[in-house]
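Being a predicted model, the structure only gives us computed values, none of them experimental. Remember, it's 1-based here, ligands and their atoms both numbered in the order they're listed.
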Amino acid sequence: MNTKVYAAFNETDALGPHTIERRQLSPKDIFIDIEYCGVCHSDIHTAKGDWGKPNYPVVPGHEIIGRVKEIGSEVTKFKVGDLVGVGCMVESCQHCHSCDEGLEQYCENGFTGTYNSKNSKYGGVTYGGYSENVVVEEDFVLHVPENIDVKAAAPLLCAGITTWSPLRHWKVKAGDKVGVIGLGGLGHMGVKFAKAMGAHVVMITTSESKGEDAKKLGADEVLISKDADQMKAHQNTFDFLLNTIPVKHDVNPYLALLKLDKTMCMVGAIEPLDAVHGGLLIMKRRNLAGSLIGGIKETQEMLDFCGEHNIVSDIEMIDIQNINTAYERMMKSDVKYRFVIDIKSLKES
Ligand code: NAP
Ligand code: ZN
């Protein structure tokens with residue numbers, strides 16, 4: 001089936017319209033009519049080749065919300081008309097140790113990304129959510145609660161689960177002092193979730209102007225990372241840090257904020273960092289860790305939690321024709337706090 005998409009064709013040119021072919025439904029497949037798709041910084045990294053040359057044309061988008069339009073003959077968990085989501089993965093081996101544990105994102109045989117992944121099972125390369133529709137096996141499709149704002153739920157599929165998973169893994173609890181570093185798509189969800197878990201949340205940002213907003217999102221305090229005196233005053237006081245900075249940077253000033261035995265989890269920069277001072281780790285038995293999205297079961301738990309607590313993203317809606325401006329603004333940290341594409345603008349183009 002011919003499908004309208006927006007694609008990146010090389011590292012430098014703007015994204016533009018394109019047509020792709022979606023596969024015929026296999027017995028386990030779900031055909032999803034896409035309504036909204038969030039814009040993740042990973043879309044930019046991939047489209048621009050920051051992580052190595054991708055498989056052009058790249059059709060980004062892994063924060064997908066839509067309705068089930070058709071189901072394969074063996075589908076049991078979904079019916080036509082259901083509100084559903086697709087995140088960063090569309091397949092994994094489903095039999096290795098990680099998959100058995102519900103950690104498909106760490107599949108020992110490698111998971112298939114929603115876009116720019118070689119599809120070992122169905123052939124070709126995967127194309128993401130900047131698209132009218134998508135075909136995904138039911139095990140990688142999520143139920144989305146109907147009571148929350150549907151378009152603002154799209155970012156939960158990546159920004160949401162990527163921040164939820166480490167906060168749960170490191171058992172953030174009521175009263176903990178938690179710092180979220182970088183107020184963008186991931187960061188603003190980190191603030192909301194940490195607050196919902198009862199933590200004392202500190203927004204650690206380079207942008208003084210975002211301070212007031214951070215408080216509206218639920219932060220109890222704001223720490224401007226460029227202010228050395230402020231950073232010094234907070235040294236040795238944090239129980240957990242979630243670092244969403246998307247590029248190479250100096251982690252040492254942040255590590256110094258942690259208490260004895262505590263952890264900073266990296267989710268942003270997937271690239272070499274500036275040299276880490278071993279003394280900062282050794283002298284206080286601190287941990288520097290990382291975390292990748294979240295498993296399917298955990299993603300469903302997060303969505304259900306958002307339904308119960310009415311948690312969604314703060315979004316700015318755009319038409320697909322404005323995607324390149326959105327990318328430029330995100331690269332200047334000018335996003336409040338997630339762009340979401342109204343896929344109607346693609347369907348009607
Ligand atoms: P985003 O919306 O662009 O937000 C990033 C924020 O980081 C900016 O708004 C800015 O916040 C801060 N920042 C940017 N450059 C900085 C610098 N040089 N130094 C200090 N702070 C800086 O990005 P996002 O969509 O949240 O994604 C963040 C990163 O996570 C990306 O690299 C993305 O690829 C990655 N990611 C990882 C996973 C995973 O599974 N681990 C999943 C999704 C995304 P302030 O203005 O507040 O300083
Ligand atoms: Zn993402």
Do [X] and ligand 1 have an N or O pair less than 3.5 Å apart?
X    : answer
S291 : yes
I270 : no
I293 : yes
G187 : no
L186 : yes
Y254 : no
C40  : no

Taking only Lys NZ, Arg NE, NH1 and NH2, and the carboxylate oxygens of Asp or Glu, determine whether K216 and E212 approach each other closer than 4.0 Å.
->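 E212 and K216: not salt-bridged.
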Look at R329 together with E316 and state whether they make a salt bridge at an N to O cut-off of under 4.0 Å.
->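 Yes, charged N to carboxylate O under 4.0 Å.
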Side chains of Y122 and S26, donor plus acceptor under 3.5 Å |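 Indeed, the side chains of Y122 and S26 share at least one donor-acceptor pair under 3.5 Å.
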Would E328 and N324 count as having a side-chain donor-acceptor pair, cut-off 3.5 Å?
-> no
What protein heavy atom lies closest to [atom]? Include the residue and the distance to one decimal.
atom                    : answer
atom 5 (C) of ligand 1  : P246 CD, 3.8 Å
atom 17 (C) of ligand 1 : I245 CG2, 3.8 Å
atom 1 (P) of ligand 1  : H41 ND1, 3.7 Å
atom 33 (C) of ligand 1 : S42 OG, 3.4 Å
atom 32 (O) of ligand 1 : H45 NE2, 3.0 Å
atom 28 (C) of ligand 1 : T244 O, 3.2 Å
atom 6 (C) of ligand 1  : G184 N, 4.0 Å

In degrees, rounded to 10 degrees, what angle do C158 atom SG and H62 atom NE2 make at the Zn ion (ligand 2)?
->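 With the Zn ion (ligand 2) as the vertex, the angle is close to 110°.
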Point-to-point distance, once rounded to the nearest 0.5 Å, from CZ of R285 to CG of L260 = 5.5 Å
Check the surroundings of atom [atom1] in [X]: do more than 12 heavy atoms from other residues, nucleotides or ligands lie under 6.0 Å from it?
X    : atom1 : answer
K77  : NZ    : yes
E108 : CD    : yes
Q235 : CD    : yes

Is K69 positioned over the aromatic face of F31, cation under 6.0 angstrom from the ring centre and no more than 45 degrees off axis?
->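 No; the conditions do not both hold, so K69 does not lie above the ring face of F31.
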Between the main-chain N or O of V125 and the side-chain N or O of K118, is there a donor-acceptor pair closer than 3.5 Å?
->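 No; zero donor-acceptor contacts below 3.5 Å.
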Out of T206, T205, T162, who gets a non-hydrogen atom closest to atom 47 (O) of ligand 1?
->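 Result: the heavy atom closest to atom 47 (O) of ligand 1 is in T205.
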Shortest reach to atom 29 (C) of ligand 1 by a heavy atom, considering only G182, G268, C88 | G268
Decide whether the shortest distance between a heavy atom of F339 and an atom of ligand 1 is less than 4.0 Å.
-> no
What about the rings of Y6 and H18, do their centers lie closer together than 6.0 Å?
->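 Ring-ring flag for Y6/H18: false, centres at least 6.0 Å apart.
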Could you check K195, K177, K215 and say which one makes a side-chain hydrogen bond (donor to acceptor under 3.5 Å, both in side chains) with D220?
-> K195
Could you confirm whether C40 has any N/O/S atom lying under 2.8 Å from the Zn ion (ligand 2)?
->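 Of the N, O and S atoms in C40, at least one lies under 2.8 Å from the Zn ion (ligand 2), which means yes.
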Could you list which atoms of ligand 1 come closer than 4.0 Å to a heavy atom of K210?
->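 Those qualifying, in numeric order: 9 (O), 11 (O), 45 (P), 46 (O), 47 (O).
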